[in-house]
Number of protein chains: 2
Amino acid sequence: MPHLAFPNTNCEEFRCSTHCSVRPLAICGELSPEEHQEFERLAQHVRYAPKEPLFSEDEVSDSVFSLIEGIARLYKLLPDGRRQIIGFALPGDFLGMAPTPRYSFSADAIGTVVTCRFFKGPFNRFIENKPHMLMRMNEFATRELGQAQDQMLLLGRRSAEEKVAAFLVSWRDRLARVEGVTKTVTLPMGRQDIADFLGLTIETVSRTFTKLEREKLIVIVPDGVRVLDPKRFDALAAA
Amino acid sequence: MPHLAFPNTNCEEFRCSTHCSVRPLAICGELSPEEHQEFERLAQHVRYAPKEPLFSEDEVSDSVFSLIEGIARLYKLLPDGRRQIIGFALPGDFLGMAPTPRYSFSADAIGTVVTCRFFKGPFNRFIENKPHMLMRMNEFATRELGQAQDQMLLLGRRSAEEKVAAFLVSWRDRLARVEGVTKTVTLPMGRQDIADFLGLTIETVSRTFTKLEREKLIVIVPDGVRVLDPKRFDALAAA
DNA sequence: CGAGTCCTTGAATGTAATCAAAGGTCGTGG
DNA sequence: CCACGACCTTTGATTACATTCAAGGACTCG
């Protein structure tokens, strides 16, 4: 038996049908039972340790991924090492589409991550005669594009304080889709990641958190923040 | 006979088949002759005067557009009037897809613009059983997303000088797709548009152009610039 | 308990923004 | 044809916000 990248690939506990609580949110969420069974046979379930890369910019892109568990950071680097995080991927997100034959950005696990991995060849053959699947991919791409455009507005035209507030609000709302609504917003990524997402330095992010706390808008707790005044907070984020 | 938004809608000189030099680049570029004929019957050809809006953010989005002639600016506004241009659309570009039932940004003509306009209902019925068309839309969305991600890197992590240089290089390359390669890069948009695209002020853009000219990298000419030292210039843009 | 990592705070610096004004260009009408 | 006005761009002086440089504090894990 050949060695597999992840030995549990065929283990029952990793089959989407039994395991995948995020399936309704995922790319495969609207497949019929039969289609889904076929789709599953194309999937490799892969687990990544914290900080482990899923793929890297400029690598030949042979696979696409559906994120099942955990959170990934997606980023681009300049030659001198400056980094821009272009997004955080949550369970249900679909990764790896690129306008060229190589990945246009890098992705790595923040905590532990589990993905469904699909090789592009079989994946493309599967979708090419399934209009509803193609339409779902269009929805996903359009939603991501909308997020990217919001982020351009944030990066180009908002102050540090507005950036941090808008980030916390949109992160809280995205988490709500997978975890449900909570008072406390958990932040699995570090300050440096937030800084690289918002186009700031780590010091400015830290100072801004402190400032928002002094202004009684949030309380900083381990691994996150609690929002004290959602009304005033949303207003600052929308500003 | 009912009044039409554009009286020449059915005029021969505006039919895509005879008029559309950019068709190979456009969303409809790979339709068979029969399909294209059907597609054309759904299209309204519309002309816009300089500065005229194609559509506005938050408006109910009933149409999508294929840009045939001219250049459009796409932008988002903050409540206080700060503006971020999220892109410039060229002939062949496809506009108006949104993650919600309303447009997520505004678009208006820079010079004179001509579009193919499609109402969403008929458009969606046309594409829903045409996998190759859906795949083409995916390509378009993926390409746009890639551009948006490049722009995030630019907005978040590049200096004013790098922003301007990178903008000129990518604009030159995009123009080459529709106009062919030239020494002079024409800039149909004004300095304020460039500033709002790069997340700068008009003064900083102006100063940076002047600086690049002093450094003998470009010459500023009416409605554009000439690149003097493409090698050094590309290096600065990539930096 | 100590090493390492991450986060916070302080002081000085620098890049781009803001405020202000002059210079160009274009189109219109005298 | 020139003069005027509107609009856009350039340049200069000052300010402000975020960065950089530096150091101390907190938490985790072996």
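All chains are named by letter (A, B, ...) in the order of the sequence lines, taking the proteins before the strands, and each is independently numbered beginning at 1.
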For the pair made of [atom1] in [X] and [atom2] in [N], what is the distance, rounded to whole Å?
{"X": "Asp223(B)", "N": "dC26(C)", "atom1": "CG", "atom2": "C1'", "answer": "12 Å"}
{"X": "Glu203(B)", "N": "dG23(C)", "atom1": "CD", "atom2": "P", "answer": "17 Å"}
{"X": "Lys163(B)", "N": "dT15(C)", "atom1": "NZ", "atom2": "C1'", "answer": "11 Å"}
{"X": "Glu162(B)", "N": "dT15(C)", "atom1": "CD", "atom2": "C1'", "answer": "13 Å"}
{"X": "Lys211(A)", "N": "dT8(C)", "atom1": "NZ", "atom2": "P", "answer": "16 Å"}
{"X": "Arg158(A)", "N": "dA17(C)", "atom1": "CZ", "atom2": "C1'", "answer": "19 Å"}
{"X": "Ile194(A)", "N": "dC7(C)", "atom1": "CD1", "atom2": "P", "answer": "8 Å"}
{"X": "Asp193(A)", "N": "dT5(C)", "atom1": "CG", "atom2": "P", "answer": "16 Å"}

* Check every nucleotide of DNA chain D for an atom under 4.0 Å from a heavy-atom of chain A, then give the first and the last such nucleotide from 5' to 3'. =>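 That gives a stretch of dA18(D) to dC21(D).
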* Asked: So does Arg191(A) get a side-chain nitrogen or oxygen closer than 4.0 Å to the phosphate oxygens (OP1/OP2) of dT8(C)?
  -> yes
* Has Thr204(B) got a side-chain N or O lying under 4.0 Å from the OP1 or OP2 atom of dA16(C)? -> no
* Between Thr210(A) and Arg207(B), who's closer to the 5' end of DNA chain C by nearest nucleotide? ->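 The residue closer to the strand's 5' end, by nearest nucleotide, is Thr210(A).
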Ion pair check, [X] and [Y], cut-off under 4.0 Å:
{"X": "Asp196(A)", "Y": "Lys76(A)", "answer": "no"}
{"X": "Arg102(A)", "Y": "Asp58(A)", "answer": "no"}
{"X": "Arg82(B)", "Y": "Glu162(A)", "answer": "yes"}

* Is it true that Phe94(B) and Phe65(B) have ring centroids separated by less than 6.0 Å? ->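 Centroid distance Phe94(B)-Phe65(B): not below 6.0 Å, so no.
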* Asked: Can you list every pair that meets side chain to side chain donor-acceptor pair (under 3.5 Å) and has a residue in residues 206-223 of chain B, with sequence neighbours left out?
  -> Glu161(B)-Lys211(B)
* To do: Please tell me which of Lys51(B) and Arg157(B) maps to the more 5' nucleotide of DNA chain D, matching each residue to the nucleotide holding its nearest heavy atom.
  =>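 Counting from the 5' end, the first nearest nucleotide belongs to Lys51(B).
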* Asked: So which nucleotide from dA16(C), dA17(C), dT9(C) ends up closest to the side chain of Ala160(B)?
  -> dA16(C)
* To do: Taking side chain to side chain contact (heavy atoms under 4.5 Å, CB included) as the test, write out the residues that go with Thr184(A), two or more places apart.
  => Val221(A), Arg226(A)
* Asked: Are side-chain N/O atoms of Tyr75(A) and Asp108(A) paired as donor and acceptor at under 3.5 Å?
  ->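 The criterion, which ignores hydrogens and geometry beyond distance, is satisfied for Asp108(A) and Tyr75(A).
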